[in-house]
Amino acid sequence: LAIMLGVINEDTDQTLDLLAELISTKKNNAEAHIFAGEVFKHVAKQVGFFSFFGTIEKGLEAHVKAFELSPNNDYYRALAGSSYTQIDSDNLPKQRSLLTGYKTPNTGYHFIALMDMAQNDRDHDLMVELAEKALKESVSNTLVVERAAQAFWTAGNVERAQNTFLRACL
């Protein structure tokens, strides 16, 4: 709770200290690392320019650690894979390697991660193809529908993006 209050109050120093303590005391807890990774993304929006990339890097490390601790969790795999290229596109091979190992390749998280990778690879045709497939196979997953809408927007299909965003809201 103190971590979330730090985020809400934009007390980045306190939040970063608490996240470091959480990670050090829960070294083998995948859920703690996923939580930390998600919070680091929020804190990155609050820190100054010179701390931004370091904070994003900490989020990546937390997501990857969570996946290492729980390698059969598709959600953790997707977050780790998507986190790789939030820093720079040099990590695209790491992202690609991580995302090829899905045990259940038709989960909504799989589609999100693959759309992220296609966007990072600047393959808009593949990204739209994945968005179409995701909408057919994961229609009840709001996160997938929202990511598909982002894919259409990025590819320049504004009308399809707007309709899909509306669908995500309903």
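We count residues from 1, following the sequence as given. Note that this is a predicted model, so its numbers are computed, not measured.
- Residues Asp116 and Ile112 are in side-chain contact: their nearest non-hydrogen atoms beyond the backbone lie under 4.5 Å apart.
- The side-chain heavy atoms of Thr55 and Lys45, taken from C-beta on, include no pair separated by under 4.5 Å.
- Tracing side-chain contacts under 4.5 Å through hydrophobic residues (I, L, V, M, F, W, Y), one reaches Val43 starting from Phe35; they form part of the same cluster.
- The minimum heavy-atom distance between Ala36 and Leu22, with the atom names listed, is CB-CD2, 4.4 Å.
- Classification of Arg167 and Glu146 as a salt-bridged pair fails, no side-chain N sitting under 4.0 Å from a carboxylate O.
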Output, in order, the C-alpha distance, side-chain angles, deciding distance and verdict of side chain to side chain contact (heavy atoms under 4.5 Å, CB included) for Leu114 and His110.
CA-CA 6 Å; Leu114 290 180; His110 176 253; 2.9 Å; yes

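- Distance alone, capped at 3.5 Å, is enough to place a donor-acceptor pair between the His33 side chain and the Lys27 backbone.
- Put simply, CD1 on Ile8 and OG1 on Thr15 are 9.5 Å apart, with the number rounded to the nearest 0.5 Å.
- Judged by distance alone, the side chain of Ser70 and the main-chain N or O of Ala66 form no donor-acceptor pair under 3.5 Å.
- Here the closest non-hydrogen pair linking Glu137 and Phe111 is OE1-CZ, 3.7 Å.
- Annotation: salt bridge (charged side-chain N to carboxylate O under 4.0 Å, His left out) contacts of Glu31 (sequence neighbours excluded): none.
- To the nearest 0.5 Å, atom CG of residue Leu143 and atom OH of residue Tyr75 are 7.5 Å apart.
- In terms of modelled atom types and a separation under 3.5 Å, the side chain of Ser51 and the main chain of Val47 share no donor-acceptor contact.
- Residues Glu159 and Asn163 have side chains in contact (heavy-atom distance under 4.5 Å, counting atoms from C-beta outward).
- Taking CZ of Arg122 as the reference point, atom CG of Asn120 lies at 7.5 Å (rounded to 0.5 Å).
- Side chains of Gln119 and Arg147: a donor on one and an acceptor on the other come within 3.5 Å.
- In this structure, Val145 is not a member of the same hydrophobic cluster as Met127, with clusters built from ILVMFWY side-chain heavy atoms closer than 4.5 Å.
- Note: Leu5 CG to Asp11 CG = 10.0 Å, rounded to the nearest 0.5 Å.
- One finds the CG atom of Leu130 at 4.5 Å from the CG atom of Leu126 (value rounded to the nearest 0.5 Å).
- The minimum heavy-atom distance linking Leu69 with Ala30 is given by the pair CD1-N, 3.7 Å.
- Nearest heavy-atom pair across Leu135 and Phe152 is CD1-CE1, 3.7 Å.
- How far CG of Leu19 is from CD of Gln14: 10.0 Å, rounded to the nearest 0.5 Å.
- Residues Val7 and Leu18 fall within the same hydrophobic cluster, defined by Ile, Leu, Val, Met, Phe, Trp and Tyr side chains chained together at heavy-atom separations under 4.5 Å.
- Minimum heavy-atom separation, Phe40 to Ile23: CE1-CD1, 3.8 Å.
- For Lys41 and Glu38, the salt-bridge test passes: some basic side-chain N is under 4.0 Å from an acidic carboxylate O.
- Checked by atom type and distance alone, the side chain of Arg160 never pairs as donor or acceptor with a backbone atom of Val158 at under 3.5 Å.
- Taking Glu10 as the reference, nothing meets the salt bridge (charged side-chain N to carboxylate O under 4.0 Å, His left out) condition, with sequence neighbours excluded.
- When every heavy atom of Ser83 is checked against every heavy atom of Leu79, the shortest pair comes out as OG-O, 2.7 Å.
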